[in-house]
Structure formats: C-alpha cells, structure tokens
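Predicted model, so just to flag it, every value in this text is computed and none were measured. We name chains A, B, ... by the order of the sequence lines, and we start the count at 1 in each one.
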2 protein chains.
Amino acid sequence: MKGYGQFCPVAKASEILAERWTPLVLRELLAGSHRFNDLRRGVPLMSRSLLSKRLRSLEDAGVVERRARPGLQAHEYHLTPAGEELRPLVEVLGNWGQRWVLADVEEDDLDPSLLMWDIRRGVRTEHLPEDRIVVRFDLRDVAGAHGRWWLVVGGGEIDLCLTDPGFEVGLHLRVSQRTLTRYWLGQIDWSQALADDLELVGPRWLQRSIPTWLGRSAFAGVERPSGPSG
Amino acid sequence: MKGYGQFCPVAKASEILAERWTPLVLRELLAGSHRFNDLRRGVPLMSRSLLSKRLRSLEDAGVVERRARPGLQAHEYHLTPAGEELRPLVEVLGNWGQRWVLADVEEDDLDPSLLMWDIRRGVRTEHLPEDRIVVRFDLRDVAGAHGRWWLVVGGGEIDLCLTDPGFEVGLHLRVSQRTLTRYWLGQIDWSQALADDLELVGPRWLQRSIPTWLGRSAFAGVERPSGPSG
DNA sequence: CAGTATCCGATGCGATACTG
DNA sequence: CAGTATCGCATCGGATACTG
C-alpha cells in the first residue's frame, strides 16, 4: 500500500511530501539548484538512484518540471507553481527544527563540504568589498582534503575551491568545524566564535568586514524557546 | 542509517516529522484526540503496533508527552509545547493538499467511517437547534453496516451511532459517500450536493437548518488554483 | 481496553555497474 | 556529465498472538 486511504488534504499532501529525503530535495530546489549534481551536493548522503527516483515522483506529483537541456541528454529541474508554493512548508519545518531540535550540533551532523557550500551560497554579495579577496578556511579538526578551503569573493564573483587557486590569501581563518557550524546556525555570534576557537590572520579592516558579508543560515534568527522571551 | 547527516534545521525537523503516518498522527493529536483508540480511529489503516511505535518516537523527540491514567495501565497522549507548535506545519500541509492534490476524490480514499467521524467532530454546536434531533444518514453506495448512521445532536450533546438509537428520526439524508465527502471537503456546495444525489426527507425548516450546523473540513475554504482568481 | 512482542513478507534504498 | 538498471540486504511495517 502506498497512500493513506484518506480523503483528508493533510493525508494527500503527506503522501507526496512526507517521504524520506523529499523535504531536503525541495529545500535544494527552493534554494535555486536545478541540475542533478547541484542537487546532489545538497544531499550528499542520498544515492543517485534514489534522487533520480524522487525527482521522478515529484514530477508525477506535479511539483517538479523536468526540462531537457538542448543537445545534451541532461535535464534541468524546476519547481512548478505547486512546487513553489511549498516554500512555506520548508520554512515552517526549518523554523521548528531551529527552535526545538538543534539544541546542540551532533557530531554525525557535521559536514565540512555542506557547511562550506552553504557559506558560499550565503555570501552577501551586496556587502562585499570592491576588490577580489581570497579567504582561506582551515577547519582545524578536519583531516585530509576537506579541511582546507579557499573562498574567492569580490567583484561580483564567488568561488569555492579545495585547492589553492594561486592568488594571494587576504584573510586566513582557523576554526573548528563545530564552531563555524554553530556560528552559521546562529547558535553563537561572531564574538563568541572568536572566544571559542576562531582565529583570524590578516589585515584588521578585513577581520572587521568579514562578519558583514559572511552570511548565516536562513534560520539563524529564529528565537529559541529557552531564549529571552521564551 | 537513520538521520540525514546534516546540521540543517530542515533536515533535523524532517528526521522527526517526515516519516510515514507521522503527520496524520500529529493531525489527530492537534484535533484533540488523546487516547490510543481515539487516535486509531483517525488513522484506521495504521496498525496498532506502528501507532504505538510512532507515539514512542514522538515522545523521544519531545513532541508528545505520555501521561499515565491513574488506576489503569492506559495512558493519555498530549502534545508538548514543541508539539503544539507543529500546528502551522499541519495547516500548511493541509492548505497545500487542498489547493493542489485534491483535484478529485479517488475511490481508494473514500472512507465512510472517517467521513462520519469527521462530520461528528465538525458539528457546530453553537448553531444547533434547542431540541434534540436525530439525523439519519444513508450512504446509498455503501453496503453493509457502515452505510447507515444516526447522528444525535442538540442540547449540547452529539452522538454518532451505527445502530438505531430508538429516537424518532427528524431528518433523513440519502446521499452517496462521494457527494457527501466532496461537500465536506469544500469541493461542492450544498446546492450542488442536492443537484448531484443528495436527498432530504423531513420538515422544511430542518432541511433549511442543516447546512448551518453541519460543518465542513477546516480546509474547505482554501482557494483552488483553477478558481476565480487563481 | 490499551497496548506490547514476535514473526515474516514487502519495499525502500544503497552499491555497483552500465549507457549516451 | 547525467543519469538508469540491476541486485541484494536491511529496515519498515502489517498480522497475529499475547498480557495486565
């Protein structure tokens, strides 16, 4: 049996949406990913076959539209109007998760690639300095290739590299992935991150500017129940 | 693997909420069911073991509180503050389902018990006549025991019976379960139901009053995309 | 009534290999 | 790159039986 055998709108919506991975795929689509491998980057633990299958189900459900890319046999995945209207759902999920679930970040949920990809996507281009800056991130507790990143920003351009792009590094961050994740999520502020284990090396003015253009999660501002007025 | 391995609030919330049956269990709790078998009535196709298991998971997640009932070894299930804050989630799901999924009611989703139970719960007591009235429903296309119902309303009392309670029947409805379901869901109005296959037998004033106190789904008023301004 | 324990079949899903 | 097909296991979940 697939459905719930109920005419209730909550049940009919849940048949489509309350499946494993589906809300995360929607989150990625709503965040603006359209290509298969871009979507994959947002859900790295999901297998290709399953992502393919889910996209197909969502297409059948009228949530996703698959557009062929001319020449190639690849596609682009876009939300239909019905899919766009799922933004409130993902927001409500995220707000609730931020308020009630993320008491502490579990070790299993840390993922340096996901974090850096989010950071890249969240850079506030409107607050960037004019000139190009290379920011090096050293995630001190991450061994191997995923422990060093170069973020190239400025001049309307944002790039994230796992290998040294060669330009001079303007600012160098050394921080544990936990602290950077907690800052990203809004659990601690910049000064608390500095107090924990964030170290900055570089010109004073750059150290000052970075929190203005380094974004945070869309849910960073959600008030927690144990907070001031909760 | 159980979780999604992501620190994202959407992912953490989905680990708890985007599981099979879970949104429907939440719907029932939000609708005010607290006892195991009351919950079951709202999700009749869910097995007891699974409902038990889900309630346990929700308890572990801090969404449900299980209270022992003194003397008995039974419990009452109540939403915690975190659980109460899931009301917007269920509303968003229902709104979206109403707008985009319920194009037509599928045969598999019809369920006379669920429908009559919903109707019972939705009776607008504040619009009821003073005196007790017995309304008999004949679901003409439902064979067997679930095709005849007696709704006893009035004087602050609402009862739903599958067997003749013995009182004099004040109003008699004959209608297909599809038409009654479509009215309940807001897909057709009362006059359209009468035009389809709804027949009423009883005093004129009672025929007039019934649509004022017979409620409809909480999502009946949600505008459909193909509607006037969509 | 109000569940819990056990069994076992369905299927969900990841791994791998393959294709244009 | 952008997926799809196949295989096999692990888990989910329904049926049944059992308990206080």
If you only use heavy atoms from C-beta on, which nucleotide in [options] is closest to the side chain of [X]?
X	options	value
Phe36(A)	dA5(C), dC1(D), dG3(D)	dG3(D)
Asn37(B)	dA2(C), dC12(D), dT4(C)	dA2(C)
Tyr77(A)	dG3(D), dA5(D), dG14(D)	dG3(D)
Arg69(A)	dA2(D), dG13(D), dT16(C)	dA2(D)

Quick one about Gln177(B) and Arg182(B) (side-chain donor to acceptor, distance below 3.5 Å, no hydrogens or angles considered), yes or no?
no

Is there a side-chain contact between [X] and the phosphate of [N], meaning an N or O under 4.0 Å from OP1 or OP2?
X	N	answer
Tyr4(A)	dG13(D)	no
Arg35(A)	dC1(D)	no
Arg56(B)	dT4(C)	yes
Arg54(B)	dG13(D)	yes
His75(A)	dA2(D)	no

Atom pair distance, as rounded to whole Å: [atom1] in [X] and [atom2] in [N]:
X	N	atom1	atom2	result
Met46(A)	dG12(C)	CE	C1'	11 Å
Lys53(B)	dG14(D)	NZ	P	10 Å
Leu50(A)	dC13(C)	CG	C1'	6 Å
Arg48(A)	dA2(D)	CZ	P	12 Å
Arg40(A)	dA15(C)	CZ	P	10 Å
Leu51(B)	dA15(D)	CG	C1'	16 Å
Arg41(A)	dA2(D)	CZ	P	10 Å
Arg20(A)	dC13(C)	CZ	C1'	9 Å

Does NZ or CZ of Arg148(A) fall inside the cone over Phe137(A)'s six-membered ring, less than 6.0 Å from its centre and within 45° of the axis?
no

Whether Arg99(B) engages the ring of Trp96(B) as a cation-pi pair (distance to the six-membered ring centre under 6.0 angstrom, angle to the ring normal within 45°) should be assessed.
no

Looking at Gln98(B) and Phe219(B), would you say the former's side chain and the latter's main chain have a donor-acceptor pair under 3.5 Å?
yes

His34(A) (side chain) donor-acceptor with Tyr77(A) (main chain) under 3.5 angstrom:
yes

Pairing check on dT16(D): which nucleotide meets the Watson-Crick or G-U wobble criteria with it, both distances under 3.5 Å?
dA5(C)

Could you check whether the side chain of Ser52(A) and the base of dA2(D) have a donor-acceptor pair of N or O atoms closer than 3.5 Å, going by distance alone?
no

